[in-house]
Amino acid sequence: MPIKRILVTLGGTPFLDSEIATAVALGRAHGAALTGMALIDPQKLAAVGPVPLGGGAAAAELAAHRGQEAVIRMHVAASTFERSCKDAGVPCVLDFEEGSSIERLEMQWRTHDLVVAGLRGVFEYGLVHDAQDMVLQIVEAGIRPILAVALEPRRVERVMIASSGAHVSSAAMKQFATMAPYPDAEIDLVRFEDGGRPNAVPLDQERSYLEAHGYRVHVHTFPGPAESALLTTAAELKADLIVMGATHRRRLTRHLLGDTVLEALTASGVPLFLSQ
Amino acid sequence: MSSHDRPPTSTVHGTGEHHGRSRLALAVACVCGTILLFVLAAGKLHGTGAVGHAHEHLPTLWGVGILPFVLLLGAIAILPLVPRLAMWWHRNLNKLAVALFLAVLTVGYLYATEGVDAASLAIDHGVVWEFVPFILLLFSLYVIAGGILVTGDLPAHPWTNTAILGVGALIASVVGTTGASMLLIRPLLQTNSERRRVAHTVIFFIFIVSNAGGCLLPVGDPPLFLGYLHGVPFLWTTSLWPEWAMVCAALLALHHVLDEWMWRKERPADLQRDESVRIPIRVEGTINLLWLGLAVTAVAVVNPHRTLLGTDWHPWPFIREGLLVLFSVLSLATTPRGLRTRNRFSYGAILEVAALFGGIFVTMQVPLMVLLAKGGELGIHSPAQFFWITGMLSSVLDNAPTYEVFFQTASTISDPSMAGVVHIDRGVIDPALLRAVSLGAVFMGANTYIGNGPNFMVKSIAEQAGVRMPTFFGYMLWSGAVLIPLFILITIIFMH
């Protein structure tokens, strides 16, 4: 499945430069057009939290300040994006939106192959606090695949695919293989064996699938659950990207019960390719 | 809405215009206000004394009677969080309409169960003798302090920051925690504008200047003024100086150590820039220091329940309030033009307090009657218990009504024959319990952003200045780690 249209979230977060650099590089490599989406979510910006008696005026002032600041930062993000695309010769359009972040993003996603966002920031403009939750919300809304980038852009030469043998991780692996954002990367296929799983796809089968798509694959197994070992394993393997499946689970469930995706989004310094 | 080419302009509005609903709110407020005035007048004509006391028995169906108070506090806490209602609730006229409506329900309940005298007394107590002095004091301090502008940019060394917090701790009791916070937060932020790690200093500012510092005088924090209105001597709160000193000293020391550590982590280029930008501290509107001094003196000296210093004369009721209004007007007249604008002064906060507190004071009368009759059965007896329960509730509800409730409870269980009791309007209060309630209400307002009005104001100003303040629960991690152990120590040392 070729990458022809990439949606880039221009949320004024610390990840912005990395998002733009990653998206531009992919655009150039695949001949894809980029859409830079800048969004103002008035409800989120106005949600200043609980307000004490006498704090109403201060709350209104803060909400108004956030709105004005978000517009300014949105303009800065948009012009940075445009300039980078122009310099790289990558076709791009800007999309300015106002409304619910997830709804608007989901609508745009329907006509794009890949979403590039920050690991811990989407449309906050440095003004609201729920960075981790935003990316989880995107995953929860079924917007996939997502390439969640780290603070620094990097050349992707080694990719770790986290495999549990379950449907979700196999589907992620397939999507990565067929989309081939990084066709020349070496693959470390890591099976996290959490007490055995019924109907798990044998690791050799997954390897041969990847090799059929032209990848050079190294296979590793790890006896414990992915949640506790994913990031340390990625660091040991010097992975430049982690591919993993994201199940449809409620954020609260993830927070309460622990979750590999949540752990990765919270703590990873390596970009994630999230799919299903 | 999607616009591919055209970026939106600022779409986040602090206020909304709903003219139809405004007319309805205005109508409700006017009708309710009229009803309350009517009931007050009816009671006066019926022969109720100008200053009486509520019946000291448990009101009939008191569970219903306390509902308006509970609903009002609930509305204050919850409505700003409901997206559909937050904009509506923001308007002070709507707050006033809700508060007056609930006040009318309380008065109606009292009229139905206790008669016109009780209903009239509720308004007499709640509005005439508590709300009016309360709001005029807050108004005068707010207006006068708003005419003082402190500017400057000093090098943001840890000693400088700690010194600013120390000054705040000293002046908060005189100017009020809100006044002191508004005076000092902007110069503090300006001083630290070149540093990246500033949030901790703002947090400690909230702890010290916006809360703990204000416990030495009744004008320092609204709950203490309520105590004063009930008859606690003006200078009684100065006896809280050991606790004040311990908490402020500990917090200043902690802040200093933390700020030293943070300062060493700052980038050298930022510190260099900080050193190179120096603007001396300048205080403008100093005439307001005179009005402030006179206002505090008026509160201290002019009390209709006590003779004027060195005389046998009882000042007439509301002379003190008249003087406060006078000093406010003089402040407005004598402050240089434009200074309040540069100070970003607005009446929004005080109007909001006025809109709500009238209703709070009236609806509170039924819970107070219940406490008068049954306060001893709550099972709260020791200073430590009063300190913590007043404090914990003050952390999430406004500390003034919380103080009032537990002040009343403490008074109910106080033994009039014990030595050293403090005589108040409704009887006596054990000084140890009064101490506990006062400290709980003042200190523990710092536990959350909503424990005290200036907490949120300071957070808002800091965020607008680019400081990334913690979330609501993130702040509570700070207060939990820093303040709670300190309060446990206070309990062990002082609350026995």
Side-chain angles (χ1 to χ4, degrees), chain A residues 10 14 35-79 93-100 103-105 107-108 124-133, chain B residues 1-15 73 76-78 80-81 83 86-87 89-92 95 138 178 344 346-353 356-357 360 396-398 400 445 448-461 463-464 466 468 470-472 474:
Chain A
L10 304 179
T35 302
M37 183 177 171
L39 178 138
I40 300 275
D41 188 335
Q43 202 167 332
K44 208 176 274 289
L45 290 169
V48 296
V51 180
L53 204 164
E61 216 179 280
L62 181 58
H65 165 82
R66 281 182 174 182
Q68 287 156 13
E69 216 27 57
V71 170
I72 292 169
R73 294 180 191 190
M74 182 178 67
H75 280 287
V76 169
S79 55
V93 292
L94 277 168
D95 175 44
F96 295 100
E97 301 271 358
E98 182 184 323
S100 158
E103 275 177 27
R104 305 310 313 172
L105 187 62
M107 285 201 59
Q108 279 298 322
E124 297 81 30
Y125 299 101
L127 297 168
V128 290
H129 284 285
D130 63 352
Q132 271 100 299
D133 252 23
Chain B
M1 175 185 117
S2 168
S3 166
H4 288 278
D5 300 323
R6 183 169 46 85
T9 51
S10 174
T11 55
V12 178
H13 300 291
T15 59
L73 291 187
I76 293 166
I78 295 166
L81 301 176
M87 198 72 93
W89 180 248
H90 166 78
R91 302 198 73 225
N92 288 332
K95 290 186 174 99
L138 292 187
T178 303
R344 298 194 220 176
S346 80
Y347 289 100
I350 195 68
L351 288 175
E352 181 185 347
V353 170
L356 286 167
F357 260 98
I360 288 175
V396 291
L397 301 173
D398 189 81
T448 71
Y449 281 141
I450 58 173
N452 200 9
N455 300 2
F456 190 88
M457 294 178 188
V458 166
K459 166 191 149 60
S460 170
I461 293 171
E463 284 201 13
Q464 290 178 61
R468 196 159 171 85
T471 60
F472 182 82

Distance-only check: which donor-acceptor pairs under 3.5 Å involve side-chain atoms of residues 450-457 of chain B, not counting sequence neighbours?
| unit_1 | atom_1 | unit_2 | atom_2 | d |
| --- | --- | --- | --- | --- |
| B/N452 | ND2 | B/S210 | O | 2.9 |
| B/N452 | ND2 | B/N211 | OD1 | 3.3 |
| B/N455 | OD1 | B/N211 | ND2 | 2.8 |
| B/N455 | ND2 | B/G445 | O | 2.7 |
| B/N455 | ND2 | B/T448 | O | 2.9 |

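For a residue to count as touching a neighbouring chain, one of its non-hydrogen atoms must lie under 4.5 Å from one of that chain's; by this rule B/I78 does not touch chain A. Heavy atoms closer than 4.5 Å to chain B are found in both the backbone and the side chain of A/A59. With a 4.5 angstrom heavy-atom cutoff, B/Y347 does not touch chain A via any of its atoms. The contact between B/I76 and chain A is made by backbone and side chain atoms together, counting heavy-atom distances below 4.5 Å. For a residue to count as touching a neighbouring chain, one of its non-hydrogen atoms must lie under 4.5 Å from one of that chain's; by this rule A/L39 does not touch chain B.
Every residue two or more places apart in sequence or in another chain was checked for a side chain to side chain donor-acceptor pair (under 3.5 Å) with B/K95, and none qualifies.
Ion pairing of B/E463 with A/R66 is present here, as a side-chain N (NZ or NE/NH1/NH2) and a carboxylate O approach within less than 4.0 Å.
Remark: the backbone N or O of A/G54 is paired with a side-chain donor or acceptor of B/E352 at under 3.5 angstrom.
For the pairing with A/T35, the side-chain contact (heavy atoms from CB on, under 4.5 Å) check across A/V93, A/L10, A/L94 returns one residue only, A/V93.
With chain B as partner, the option from A/A47, A/P50, A/G56, A/G49 having the largest number of non-hydrogen pairs under 4.5 angstrom is A/P50.
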